[in-house]
Enquirer: 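I am attaching a structure below and will ask some questions about it afterwards.
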Amino acid sequence: MKIASWNVNSLNVRLPHLEAWLAQASPDVVALQETKLEDSRFPDTALAALGYRSVFAGQKTYNGVAILARSPIEDVQIGIPDFEDEQRRVIAATVDGVRIVDLYVVNGQSVGSDKYAYKLRWLEAVHDWIATELRTHPRMVVLGDFNIAPDERDVHDPAAWHEGHILTSSAERDALRRLYALGLHDAYRLHHEAGGVFSWWDYRQAGFRRDLGLRIDLTLVSDALRPLCIAAGIDREPRSWERPSDHAPAWVELAPLEA
DNA sequence: ATGGTAGATACTCTA
């Protein structure tokens, strides 16, 4: 079972990229972020033609998340329960017995800003919700654009991306460690100790050509799934295509599950 | 070097 995450930065623009990548990578489940589409405009018919069901929670201009799957998608949850938020950043559902939690984590703008405070509040709410959710769904994958680089290996220039910068600040990394403490494991790191492999490159300053990236798109597997996680990776290729998203797809492969 | 580019919307915000 191959499960992937991709921040497409406008599904309206990136539908051809998504279609091409689905055909070549053949994932079973895909979590999308930054679809930037109202639900009435979601291309569910085009995706169904490729064999994918879809559930989605979008809005105009900003945010927007979706889960695509070849198998039936059950028990869909939109947003964090008991956390008021107009921004469409969370969708969860069960596919083939695995709870999929798709997150588009708040960017945070700059350390100390109102948006940064919102990011930390939001991460706290996610933590408390996931803690509860794990009790009923021990087989869980939490994935998406985390907008946090876990450690120095995930940053092209740790001197520039330090503890006072968004995406690498101490408070953000502490929030990520609190998710790990629930029994969630960075699947990419389980299989790759070395750093220098990234999932996001700024459009500016020829970031991709110079490989000035960060690894901020993560797939976390629960304790129960960890022994079944047989591979993980980041597919850089779509970032090199014409008019790309600024993010590349990240994926994990799970061995077949017992019933 | 406080810029740069991209997307959506409406002449600016977010990332």
Side-chain angles (χ1 to χ4, degrees), chain A residues 5-21 31-43 46 56-66 79 85-91 102-123 126 143-150 154-169 171-173 175-176 198-218 234-250:
Chain A
S5 170
W6 196 5
N7 179 325
V8 292
N9 186 20
S10 170
L11 186 52
N12 188 42
V13 173
R14 235 66 73 183
L15 181 59
H17 304 68
L18 178 61
E19 289 173 331
W21 184 73
L32 301 176
Q33 305 88 36
E34 285 207 87
T35 56
K36 299 185 177 179
L37 283 178
E38 288 181 299
D39 290 346
S40 61
R41 298 183 58 213
F42 194 89
F56 38 85
Q59 64 188 98
K60 213 192 292 188
T61 312
Y62 305 118
N63 310 310
V65 284
D85 195 351
E86 292 175 359
Q87 303 190 16
R88 297 302 207 190
R89 296 181 173 277
V90 176
I91 190 166
D102 177 15
L103 304 179
Y104 173 44
V105 175
V106 178
N107 172 281
Q109 194 171 59
S110 61
V111 172
S113 67
D114 288 349
K115 292 191 178 75
Y116 183 77
Y118 164 54
K119 181 176 196 171
L120 297 180
R121 251 195 346 270
W122 190 94
L123 285 164
V126 166
L143 76 173
D145 176 359
F146 277 70
N147 270 318
I148 304 170
D154 305 307
V155 181
H156 72 273
D157 182 359
W161 295 84
H162 49 75
E163 75 281 352
H165 199 289
I166 56 153
L167 315 189
T168 54
S169 75
E172 290 166 78
R173 284 175 165 165
L176 184 58
F198 310 125
S199 68
W200 169 80
W201 300 260
D202 201 305
Y203 285 123
R204 295 165 287 191
Q205 299 176 317
F208 183 65
R209 184 177 58 73
R210 300 162 65 201
D211 202 21
L212 307 179
L214 271 65
R215 190 172 69 91
I216 57 177
D217 298 272
L218 310 178
I234 296 170
D235 187 355
R236 288 172 56 96
E237 193 202 311
R239 185 63 178 81
S240 71
W241 295 345
E242 282 295 314
R243 210 179 177 195
S245 168
D246 45 352
H247 295 254

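Letters go in sequence order (proteins before strands), and every chain restarts at 1.
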Enquirer: Counting only side-chain N and O atoms of A:K60, is one of them less than 4.0 Å from OP1 or OP2 of B:dT9?
Expert: no

Enquirer: Which part of the nucleic acid does A:F208 contact within heavy-atom distance under 4.0 Å: base, sugar-phosphate only, or nothing?
Expert: nothing

Enquirer: Using atom CG of A:N107 as one end and atom P of B:dC13 as the other, report the distance to the nearest whole Å.
Expert: 16 Å

Enquirer: If you find the nucleotide of DNA chain B closest to A:Y104 and the one closest to A:S10, which residue's nucleotide is nearer the 5' end?
Expert: A:S10

Enquirer: Suppose you measure atom P in B:dA15 against the same atom in B:dA1; what distance do you get, rounded to whole Å?
Expert: 28 Å

Enquirer: If only side-chain N and O atoms of A:R204 are considered, is one of them under 4.0 Å from the OP1 or OP2 phosphate oxygen of B:dA15?
Expert: no

Enquirer: Relative to A:F198, does A:R215 satisfy both conditions: NZ or CZ under 6.0 angstrom from the six-membered ring centre, and within 45 degrees of the ring's axis?
Expert: no

Enquirer: A:R89 side chain N/O closer than 4.0 Å to the phosphate oxygens (OP1, OP2) of B:dA15?
Expert: yes

Enquirer: What distance, rounded to whole Å, do you find between the two C1' atoms, one in B:dT14 and one in B:dT9?
Expert: 12 Å

Enquirer: Grab the CG-C1' distance between A:L11 and B:dA8 for me, whole Å please.
Expert: 14 Å

Enquirer: Quick check: on DNA chain B, is the nucleotide nearest A:R41 upstream (toward 5') of the one nearest A:G108, or the reverse? Name the residue that is more 5'.
Expert: A:R41

Enquirer: Would you mind telling me which of B:dA15, B:dG4, B:dA8 lies closest to the side-chain atoms of A:Q205?
Expert: B:dG4

Enquirer: Looking at A:D211 and A:R236, does any basic side-chain N land under 4.0 Å from a carboxylate oxygen?
Expert: yes

Enquirer: Among A:N9, A:D102, A:N147, whose side-chain hydrogen bond (donor to acceptor under 3.5 Å, both in side chains) with A:Q33 holds?
Expert: A:D102

Enquirer: Could you tell me how far apart A:K36 (NZ) and B:dG7 (P) are, to the nearest whole angstrom?
Expert: 8 Å

Enquirer: Check the angle between the aromatic planes of A:W161 and A:W200 and answer parallel, tilted or perpendicular using the 30° and 60° thresholds.
Expert: perpendicular

Enquirer: Could you pull out all residues at least two apart from A:N12 that satisfy side-chain contact (heavy atoms from CB on, under 4.5 Å)?
Expert: A:S10, A:L37, A:R41

Enquirer: Taking only the P atom of each, what is the distance from B:dA6 to B:dA10 in whole angstrom?
Expert: 22 Å

Enquirer: Rounded to whole Å, how long is the line connecting atom NZ of A:K119 with atom P of B:dT14?
Expert: 15 Å

Enquirer: Provide the distance between the two P atoms, one in B:dT12 and one in B:dT2, to the nearest whole Å.
Expert: 23 Å

Enquirer: Quick one: A:N7 CG to B:dG7 P, roughly how many Å, whole number?
Expert: 12 Å

Enquirer: When the distance from CG of A:N9 to C1' of B:dC13 is rounded to whole Å, what number comes out?
Expert: 14 Å

Enquirer: To the nearest Å, how far apart are A:H247 NE2 and B:dG7 P?
Expert: 13 Å

Enquirer: Once you round it to whole Å, what is the distance between P of B:dA15 and CD of A:Q33?
Expert: 14 Å

Enquirer: Heavy atoms from C-beta onward define the side chain here; which of B:dG7, B:dA15, B:dT9 lies closest to that of A:K115?
Expert: B:dA15

